[in-house]
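Model, not experiment: these values are computed from the prediction. In each ligand, atom 1 is the first atom listed, and ligand 1 is the first ligand listed.
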Amino acid sequence: MRLMLLGPPGAGKGTQAESISKQFNIPHISTGDIFRQNIKNGTELGHKAQEFMNKGLLVPDELVVDLVKDRLSQEDCQNGFLIDGFPRTIPQADALDRELNNMGINLDRVINIQVDREILIERAVGRRVCKQCGAAYHIKFNPPKAEGICDKCGGELEQRKDDLEATVAKRIEVYLEQTEPLIAYYSRKGIIQNIDGTQEIKTVFNSILEGLRG
Ligand code: ADP
Ligand code: AMP
């Protein structure tokens with residue numbers, strides 16, 4: 001299964017990706033996670049990306065595209081993958097199209113998670129992520145068992161630097177300008193599946209599974 005998750009920041013892409021990737025035994029490829037890992041490891045890419053991320057801006061296309069190409073060529077992507085957070089611009093989508101063509105494969109489905117702006121802000125501002133394993137929680141909607149501690153690995157939870165309200169607002173603006181046009185792009189290819197992302201986490205997951213079966 002070759003899948004892509006589309007949707008504004010805070011829509012629940014990462015949350016659903018965890019369940020989808022387990023369900024179909026496919027790797028979850030999140031460009032945001034890759035950048036955060038690079039920042040944590042102090043790499044040059046991380047250093048460059050951080051500057052844009054902290055302002056709520058997109059990292060330039062040329063820093064993202066090759067990274068995804070490399071990742072898709074790895075062994076664990078042979079039987080499928082779930083891309084999350086990429087593409088975010090039309091040039092990125094075109095580059096992905098060319099790469100998949102070269103590889104002789106197609107995307108099966110683009111899952112578009114739809115959530116209104118006010119909810120997005122509340123979700124992103126209340127998000128807490130594990131410093132150690134990256135798992136995401138929400139202080140109100142998906143709290144960990146013990147406050148501030150990751151259920152999965154016991155790591156400490158923190159707020160992402162780009163989850164401050166003003167930065168989230170900027171990210172939503174950037175999404176509407178540069179990423180939302182991808183809905184029409186993939187609709188034209190006939191592979192979009194629209195999902196109401198305002199439902200509970202489990203209900204969203206069930207809607208995704210239902211859509212994939214249909
Ligand atoms: P994205 O990857 O699209 O930016 P996340 O999956 O990290 O979004 O979700 C953003 C925040 O909203 C997280 O704190 C997450 O726990 C919470 N969340 C995700 N899905 C839902 C949902 N269906 N209902 C309520 N909160 C949710
Ligand atoms: P995410 O974890 O998907 O919310 O991404 C966090 C941030 O990483 C974004 O706000 C961008 O700054 C950057 N980023 C992630 N993926 C991309 C991409 N495909 N193109 C450009 N920037 C990206």
Is the backbone N or O of G56 less than 3.5 Å from a side-chain atom of D162, with the two atoms forming a donor-acceptor pair by type?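 No: the side chain of D162 does not pair with the backbone of G56.
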
Do side-chain atoms of R71 reach the backbone of I34 as a donor and acceptor pair under 3.5 angstrom?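 Not a single qualifying donor-acceptor pair exists.
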
So which bit of E200 gets within less than 4.0 Å of ligand 1, heavy atoms only: side chain, backbone, both or neither?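 Contact part for E200 vs ligand 1: backbone (N, CA, C, O).
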
Closest approach of any protein heavy atom to [atom], naming residue and atom:
atom	answer
atom 11 (C) of ligand 2	L57 O, 3.6 Å
atom 10 (O) of ligand 2	R171 NE, 3.9 Å
atom 21 (C) of ligand 1	I201 CG1, 3.4 Å
atom 23 (N) of ligand 1	Q199 O, 2.8 Å
atom 15 (C) of ligand 2	R88 NH1, 3.2 Å
atom 26 (N) of ligand 1	F141 CB, 3.4 Å
atom 13 (C) of ligand 1	Y137 O, 3.7 Å

If we count only N and O atoms by modelled type, under 3.5 Å, do the side chains of T198 and D196 hold a donor and an acceptor together?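 The criterion, which ignores hydrogens and geometry beyond distance, is satisfied for D196 and T198.
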
If every non-hydrogen atom of R88 is compared with every non-hydrogen atom of T179, which pair is closest and at what distance?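 The answer is O-OG1, 2.8 Å.
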
Using a heavy-atom cut-off of under 4.0 Å, does the side chain or the backbone of K13 touch ligand 2, or both, or neither?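 The answer is neither.
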
Side chain, backbone, both or neither: which part of V59 has a heavy atom under 4.0 Å from ligand 2?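 Both the backbone and the side chain of V59 come within reach of ligand 2.
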
Decide whether an N or O pair under 3.5 Å exists between [X] and ligand 1.
X	answer
R123	yes
G10	yes
A11	yes
Q16	no

Those atoms of ligand 2 less than 4.0 Å from some heavy atom in T31: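 Per the distance check, 15 (C), 16 (N), 17 (C), 19 (N).
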
G14 heavy atoms, cut-off 4.0 Å: which ligand 1 atoms fall inside?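 Every atom of ligand 1 under 4.0 Å from some heavy atom of G14: 1 (P), 2 (O), 6 (O).
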
Ligand-side contact atoms (ligand 1) for residue partner T15, heavy atom cut-off under 4.0 Å: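 Those atoms are 5 (P), 6 (O), 9 (O), 15 (C), 19 (C).
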
